[in-house]
Amino acid sequence: MKKKKIFEGKTKKVYEAENEQDLLLEFKDDACSQAGAKNAPLKGKGHLNQQIAALLFRLLESYHISTHYLRDVSDRELLAKKLDMIPVMVMVRNVAAGTLVKQYRLQEGKELECPIIEYYLKDAERDDPMINEDHLVSFGHATSGEIREIHRLASKINAILKAFLRRRDFQLVDLRLEFGRFQSRIVLADELSLNTMRLIDLRQPKQEIIDGDAAALAEHLAEIRSRLLSA
Ligand code: ADP
């Protein structure tokens with residue numbers, strides 16, 4: 001049966017699933033989530049990201065965090081619960097990098113005193129502008145109760161992933177999350193992978209930031225696979 005594509009984004013293709021309450025998410029090899037970066041394909045990247053996402057969703061479920069993950073379908077596909085998405089990217093930062101360094105007088109790579117949680121409205125035409133809790137409520141994207149819950153979940157998810165990665169000698173620089181509603185509960189959606197997390201490999205002398213960009217990722221692919229997935 002030919003799958004019906006609903007949407008194609010930067011990092012994934014989204015298809016209808018057999019059960020209309022679910023979705024099939026296919027991870028692309030050529031995906032790059034960093035604005036302005038090149039979309040060079042990297043063989044094996046979609047598969048690696050699918051494996052990382054599945055592993056981390058299962059890890060979070062074991063800590064009683066509700067996620068949309070149902071099961072793996074193929075090398076590059078996950079089955080997920082279809083959610084009523086909140087059109088916001090939640091960014092959790094542990095280390096000064098990227099726009100934080102550009103906007104403030106911070107030294108790149110410096111560990112922050114405490115994690116910073118930021119919200120960005122998903123609006124590609126306007127480069128996903130930063131938005132605060134009051135905007136979100138005022139514009140009708142979420143209630144203040146939902147935002148409190150999102151904030152609580154984002155902090156908890158960050159703490160769990162940070163510790164998990166640290167045990168494997170990776171430092172979690174930052175992490176981008178999306179949430180949706182399922183039967184009036186807030187559920188973690190989208191993906192947890194090298195498209196949405198930036199890491200520092202603490203075993204590398206240079207300790208540069210690894211992100212989903214194919215060029216940056218190519219030389220680390222095997223190392224990440226063996227340390228994250230076989231532990
Ligand atoms: P983008 O280019 O917007 O980052 P992606 O390549 O990540 O898009 O494509 C995935 C799309 O599917 C996103 O728009 C995301 O919000 C949406 N999505 C992810 N998980 C779910 C879900 N469980 N239910 C409905 N939509 C989802």
Side-chain angles (χ1 to χ4, degrees), residues 3-42 45-58 60-61 65-74 76-92 98-99 118-131 136 139 141-142 146-147 149-150 153-154 157 174-198 211-214 217:
K3 296 178 293 185
K4 182 159 179 245
K5 189 158 81 179
I6 306 171
F7 178 77
E8 176 160 355
K10 290 188 287 289
T11 64
K12 294 183 294 304
K13 295 178 188 169
V14 182
Y15 297 95
E16 277 181 356
E18 230 161 84
N19 178 344
E20 63 178 35
Q21 310 222 350
D22 303 338
L23 288 176
L24 210 57
L25 301 180
E26 180 189 315
F27 289 70
K28 303 197 301 191
D29 267 352
D30 60 348
C32 182
S33 59
Q34 305 299 312
K38 272 204 304 222
N39 267 3
L42 178 62
K45 184 179 160 193
H47 178 43
L48 176 67
N49 278 331
Q50 185 267 0
Q51 287 181 296
I52 294 174
L55 174 86
L56 298 182
F57 280 133
R58 283 196 290 260
L60 294 176
E61 292 275 358
I65 291 187
S66 300
T67 80
H68 70 162
Y69 174 75
L70 293 170
R71 62 182 166 83
D72 298 345
V73 172
S74 74
R76 292 214 232 158
E77 292 168 306
L78 297 183
L79 190 69
K81 281 193 275 252
K82 193 193 286 179
L83 306 181
D84 169 23
M85 292 299 288
I86 298 171
V88 169
M89 291 184 301
V90 182
M91 182 88 174
V92 190
T99 48
E118 299 168 344
Y119 303 97
Y120 294 87
L121 188 64
K122 286 196 70 157
D123 183 349
E125 276 177 35
R126 292 180 190 264
D127 294 331
D128 303 326
M130 198 194 227
I131 191 167
L136 288 171
F139 299 166
H141 295 307
E146 286 175 330
I147 295 165
E149 177 64 356
I150 287 173
L153 288 170
I157 291 165
D174 47 39
L175 162 74
R176 220 174 47 225
L177 304 168
E178 286 187 35
F179 294 89
R181 303 176 186 93
F182 184 74
Q183 295 169 352
S184 69
R185 288 185 63 192
I186 298 293
V187 174
L188 179 64
D190 207 48
E191 65 182 295
L192 291 167
S193 77
L194 298 166
N195 292 323
T196 57
M197 298 185 303
R198 292 196 290 180
D211 61 25
D213 176 65
L217 188 56

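Just so we're clear, the structure is a prediction, and the values are computed from it rather than from any experiment. First listed ligand is number 1; within each ligand, the first listed atom is number 1. We number each residue from 1, following the sequence as shown.
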Shortest protein contact, atom 19 (C) of ligand 1 (heavy atom only): Asp190 OD1, 3.3 Å
Residue part near ligand 1, for His68, under 4.0 Å between non-hydrogen atoms: side chain
Polar contact flag, side-chain donor to acceptor under 3.5 angstrom, Tyr120-Asp123: no
Shortest protein contact, atom 24 (N) of ligand 1 (heavy atom only): Leu83 N, 3.0 Å
Per-atom contacts, ligand 1 versus Lys82 - under 4.0 Å to a heavy atom: 24 (N)
Numbered atoms of ligand 1 (with element) below 4.0 Å of Val14, judged on heavy atoms: 10 (C), 11 (C), 12 (O)
Protein heavy atom at shortest distance from atom 26 (N) of ligand 1: Met85 CG, 3.3 Å
More than 12 heavy atoms from other groups under 6.0 Å of CZ on Arg58: yes
Polar contact flag for Lys10 and ligand 1 (N/O pairs, less than 3.5 Å): yes
Side chains of Glu191 and Leu25 in contact at under 4.5 Å (non-hydrogen atoms): no
Heavy-atom closest contact (Arg181 atom, His141 atom, distance): NH2-O, 2.9 Å
Location of contacts on Leu23 toward ligand 1, heavy atoms closer than 4.0 Å: side chain
Phe7 neighbourhood, listing ligand 1 atoms whose heavy-atom distance to it stays under 4.0 Å: 8 (O), 9 (O), 11 (C), 14 (O)
Interatomic spacing from CZ in Arg76 to CD in Gln51 - rounded to 0.5 Å: 12.0 Å
Which residue and heavy atom of the protein sit nearest atom 16 (O) of ligand 1, plus the separation: Glu178 OE1, 2.6 Å
Validation row: Leu79, Leu23 side chains within 4.5 angstrom (heavy atoms): no
Heavy-atom check, side chain of Leu153 versus side chain of Leu188, under 4.5 Å: no
Nearest non-hydrogen protein atom, atom 13 (C) of ligand 1: Lys122 NZ, 3.7 Å
Parallel, tilted or perpendicular: rings of Tyr69 and Phe57 (30°, 60°): parallel
Nearest-neighbour protein heavy atom for atom 7 (O) of ligand 1, which is reported as residue plus atom name and distance: Lys12 NZ, 2.6 Å
